[in-house]
Amino acid sequence: MGRAKQSSARRSADFVAERLAGFEPRVAIVLGSGLGALADAVEHPVVIPYAEVPEMPEATVYGHAGEFIAGELGGVQVLLQKGRLHLYEGHDPDAVVLAVRSFAELGIETLIVTNAAGGINRTFPVPALMLIADHINLMFRSPLTGLVWPGEERFPDMSSPYEPALRTMAERVALESGILLHEGVYAGVLGPNFETPAEVRMLERLGADAVGMSTVPEVIVARARGMRVLGISIITNLAAGISPTPLDHDEVMEAGKAVAHDLEVLVRGVVSQIGTGA
Ligand code: HPA
């Protein structure tokens with residue numbers, strides 16, 4: 001099973017590498033719901049639809065196109081995943097993280113994950129950008145169960161999942177660009193229903209500042225592969241019970257667009273600093 005799993009990531013990575021024709025991305029970026037606009041900022045894009053990538057399942061969520069985009073951002077070669085896969089779509093954890101395993105196989109050492117999340121911290125405005133300081137896995141699943149993949153650890157350390165140096169870099173870019181960047185703990189839940197007010201009160205007491213349905217599986221695998229991770233949440237709505245109105249997926253997507261420009265400036269700034277060897 002371990003070998004079969006490894007060859008699936010290798011096969012998709014080999015295919016992507018072939019399409020990249022010598023292009024060597026240094027940073028991989030996973031785009032969250034409604035955040036696809038960042039892909040438009042990529043120069044000289046090479047688009048690789050999931051449908052053409054061996055082993056890659058299709059993304060099923062409205063608003064998630066399902067393609068890899070290689071190109072340049074801030075003068076640095078990057079590989080974007082536009083349209084991530086979620087556990088709530090019914091994919092198993094290995095499918096959800098296949099892209100991240102492929103990034104690792106391609107030799108990419110830095111992963112930037114973005115997502116849409118509901119705001120729990122009552123000081124957060126909407127929309128807002130939140131640097132993920134840490135996470136709580138309430139999905140009750142891990143992509144690391146089963147045989148250990150070659151190149152991964154059985155018991156990866158998770159005491160610093162979001163790299164402090166990258167967070168500092170993001171804070172500096174935000175300050176220099178006049179972007180208000182909040183910071184907090186992301187609670188990852190399975191979904192796909194939004195939370196109840198009682199669940200949000202529980203999450204608040206557990207120490208979560210935001211809640212979403214993604215990111216945690218990808219970050220766990222990235223850490224098991226020794227990649228360094230930066231995570232940014234777009235707070236698209238107040239979480240249930242804190243919000244005076246019912247939650248709506250379309251509003252989540254619209255709110256994402258409202259801060260898309262700030263996200264682009266932030267990610268581009270961080271990527272270009274990584275490119276200068278920072
Ligand atoms: N809860 C969970 N996931 C989300 C939310 C939310 O309120 N908003 C955007 N993604």
Side-chain angles (χ1 to χ4, degrees), residues 29-38 59-66 81-91 93 96-97 112-141 162 180-220 230-263 266-267:
I29 305 169
V30 181
L31 300 177
S33 303
L35 307 177
L38 187 60
T60 65
V61 194
Y62 147 68
H64 296 253
Q81 182 185 5
K82 183 179 176 191
R84 65 143 59 82
L85 302 170
H86 303 80
L87 289 171
Y88 66 70
E89 291 170 84
H91 298 298
V96 169
V97 298
I112 300 179
V113 281
T114 64
N115 60 51
I120 296 176
N121 185 318
R122 290 162 196 268
T123 69
F124 289 172
V126 170
L129 291 181
M130 184 190 90
L131 195 56
I132 306 179
D134 202 345
H135 75 222
I136 303 174
N137 182 3
L138 292 170
M139 296 175 156
F140 303 107
R141 283 167 183 70
Y162 301 88
L180 185 57
L181 185 59
H182 301 268
E183 188 163 333
V185 173
Y186 175 90
V189 297
L190 180 61
N193 56 288
F194 289 116
E195 301 68 41
T196 66
E199 287 165 348
V200 171
R201 286 195 298 276
M202 173 193 75
L203 295 171
E204 189 173 26
R205 283 174 196 162
L206 291 179
D209 297 289
V211 55
M213 307 171 193
S214 66
T215 301
V216 166
E218 290 104 317
V219 173
I220 291 173
L230 178 73
I232 303 165
S233 289
I234 308 296
I235 307 298
T236 53
N237 58 282
L238 295 174
I242 299 176
S243 167
T245 53
L247 273 46
D248 180 270
H249 182 64
D250 290 334
E251 281 173 27
V252 167
M253 305 290 289
E254 282 306 310
K257 286 181 197 155
V259 283
H261 180 69
D262 281 357
L263 180 72
L266 191 60
V267 172

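Start at 1 and go down the list; that is how both ligands and their atoms are numbered. Note that the coordinates shown come from a computational prediction; the quantities given were computed from them, not determined experimentally. Note: hydrogens, waters and symmetry copies are ignored here, and every other heavy atom, side chains too, is used.
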By number and element, which atoms of ligand 1 are closer than 4.0 Å to a non-hydrogen atom of Met213?
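So the answer, numbered in order with elements, is 2 (C), 3 (N).
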Show me which atoms of ligand 1 lie under 4.0 Å from any heavy atom of Leu247.
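Reading through ligand 1 atom by atom, the close ones are 7 (O).
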Any sub-3.5 Å donor-acceptor pair from [X]'s side-chain atoms to [Y]'s backbone N or O?
X      : Y      : value
Ser233 : Ala116 : no
Asp262 : Leu266 : no
Arg141 : Leu190 : no

Please write down residue, atom name and distance for the protein heavy atom closest to [atom].
atom                    : value
atom 4 (C) of ligand 1  : Val211 O, 3.6 Å
atom 5 (C) of ligand 1  : Gly118 N, 3.3 Å
atom 10 (N) of ligand 1 : Ala116 O, 3.3 Å
atom 7 (O) of ligand 1  : Asn237 ND2, 2.9 Å
atom 2 (C) of ligand 1  : Glu195 OE2, 3.2 Å

Part of [X] with heavy atoms under 4.0 Å of ligand 1, whether side chain, backbone, both or neither:
X      : value
Ala117 : backbone
Val189 : neither
Thr236 : side chain

Of all the heavy-atom pairs spanning Thr196 and Ala240, show the shortest one and how long it is.
C-CB, 4.2 Å
Do Phe194 and His249 make the cut of ring centroids closer than 6.0 angstrom?
no
Under 6.0 Å between ring centres, would you say that holds for Phe124 and His182?
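Yes, ring centres under 6.0 Å apart.
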Using side-chain heavy atoms (C-beta onward) and a distance below 4.5 Å, is Ile234 in contact with Asn115?
no
